[in-house]
Amino acid sequence: MSLADEARLDNPVYAALSGAHERFAQICGQALRYPADVAPFFALPSEPSREDWRGAIEVVPPGTYAGIVHAGADVPETWKTLQEFEVVQMIGEHVNGVDAPEAIPLRTQDVPEMLELVRQTDPGPFLDRTIELGDYVGIRRDSQLVAMAGERLHFDGWREISAVCTAPTHRGHGLASRLVGALIAGIQDRSERAFLHVLITNTSAIRLYEELGFRVRRPLMISVMTPEPIPNQQT
């Protein structure tokens, strides 16, 4: 893997918003953010300066919050961490895309059903406009959406697989694996590679992805943060 790939994977939200997803970027200096109804992330350079953090206050104003993916950022005292999630980043090293005839493309009109499935299964953030970030596919049973998966972060040569979930009533039949295989097929057709993030505590999902040909690349942290209110200046 090239050093450029390593650097982008270490800071994937920044790589996406400064590259393939720049059309979504809300920008102040080097601080970048997705719109709040697209994805709940903001990003800074891998070694952010004080000026970068000041720019972040413009894209994540006091009273709001967003997540930043990092490998141990030095956070100023003016920012408060609300939640932290330790994840492992996995990359597709020996994956093989497999077409799944029952996997259907999901469109904007499917978003209400997708949001309901996410509510039932909690696979991670999926919002009203997340579907705009990439291809999403699903499987229906008796016209009901029972499984889905899609592409979220995208930068040069890489696409993240995300929102992989199956309704509790339809688990144990390999639906998620088939959808991931279908997404990988599309990613490989574009001469790109797949990566994903999994909570470090979700050992069953990590094992499943390892069986599909992914390997753990490194741990990362997702910190949900908000800036402290700026005190009124006395004149």
Side-chain angles (χ1 to χ4, degrees), residues 1 8-13 16 39-41 67-71 83-100 102-104 106 113-127 130-131 133-141 144-155 158-188 192-224:
M1 190 186 303
R8 285 189 285 262
L9 286 165
D10 283 347
N11 197 351
V13 177
F41 299 117
I68 185 168
V69 180
H70 63 93
Q83 284 182 292
E84 287 193 315
F85 302 93
E86 191 173 0
V87 301
V88 290
Q89 184 182 81
M90 306 184 73
I91 60 173
E93 191 160 73
H94 302 292
V95 294
N96 292 305
V98 180
D99 290 331
E102 60 187 335
I104 58 171
L106 296 175
E113 283 184 278
M114 298 168 76
L115 290 169
E116 175 59 22
L117 184 58
V118 166
R119 188 193 65 77
Q120 294 175 25
T121 58
D122 193 24
F126 181 87
L127 306 169
T130 304
I131 197 170
L133 297 177
D135 291 340
Y136 280 79
V137 291
I139 293 175
R140 292 186 178 277
R141 292 285 185 267
Q144 179 184 0
L145 183 67
V146 298
M148 66 178 245
E151 301 168 349
R152 187 171 58 184
L153 302 180
H154 174 212
F155 46 87
W158 295 86
R159 288 187 188 256
E160 180 198 28
I161 293 177
S162 180
V164 181
C165 56
T166 304
T169 52
H170 288 77
R171 290 175 181 163
H173 301 288
L175 303 185
S177 296
R178 273 176 261 171
L179 291 175
V180 171
L183 288 172
I184 290 171
I187 291 169
Q188 292 177 332
E192 295 175 325
R193 294 183 65 181
F195 72 106
L196 49 82
H197 298 96
V198 188
L199 286 173
I200 202 165
T201 54
N202 194 348
T203 54
S204 59
I206 293 171
R207 282 196 303 270
L208 170 64
Y209 290 125
E210 287 175 335
E211 290 171 3
L212 293 175
F214 287 85
R215 73 165 173 87
V216 173
R217 177 179 172 267
R218 66 165 303 163
L220 289 169
M221 188 71 72
I222 301 175
S223 297
V224 180

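Note that this is a predicted model, so its numbers are computed, not measured. Heads up: numbering here begins at 1 and tracks the sequence.
- Classification of the Y136-F126 ring pair by plane angle, with boundaries at 30° and 60°, yields perpendicular.
- Atom CG in L199 sits 9.5 Å away from atom CD in E86 (nearest 0.5 Å).
- Residues L220 and Q89 come closest through the heavy atom pair CD1-NE2, 3.6 Å.
- Counting heavy atoms from C-beta on, the side chains of V13 and L153 come closer than 4.5 Å.
- Looking only at side-chain heavy atoms (C-beta outward), L106 and E113 stay at 4.5 Å or farther from each other.
- The closest side-chain heavy-atom distance from F195 to P12 is below 4.5 Å.
- Closest approach of L196 to V198, counting heavy atoms only: CD1-CG2, 3.5 Å.
- Contact check for D10 versus R218: side-chain heavy atoms found under the 4.5 Å cut-off.
- Residues I161 and I184 have side chains in contact (heavy-atom distance under 4.5 Å, counting atoms from C-beta outward).
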Under 3.5 Å, which donor-acceptor pairs do the side chains of residues 166-179 form with other protein atoms, sequence neighbours left out?
residue : atom : partner : partner atom : Å
R171    : NE   : T166    : O            : 3.0
R171    : NH2  : T166    : O            : 3.3
R178    : NE   : G174    : O            : 3.4
R178    : NH1  : E102    : OE2          : 2.2
R178    : NH2  : H173    : O            : 2.4

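- You'll find the side chain of I91 reaches within 4.5 Å of the side chain of M1, heavy atoms only.
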Pairs of donor and acceptor atoms involving the side chains of residues 204-214, under 3.5 Å and at least two apart or interchain, shall be tabulated with distances.
residue : atom : partner : partner atom : Å
S204    : OG   : N202    : OD1          : 3.2

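- Looking at heavy atoms from C-beta onward, L133 lies out of side-chain contact with H154 at the 4.5 angstrom threshold.
- The distance from the OG1 atom of T121 to the CD atom of E116 is 9.5 Å, given to the nearest 0.5 Å.
- Annotation: the span from I187 atom CD1 to R193 atom CZ amounts to 11.5 Å, rounded to 0.5 Å.
- Contact annotation: the side chain of S223 approaches that of I68 to within less than 4.5 Å [non-hydrogen atoms, C-beta and beyond].
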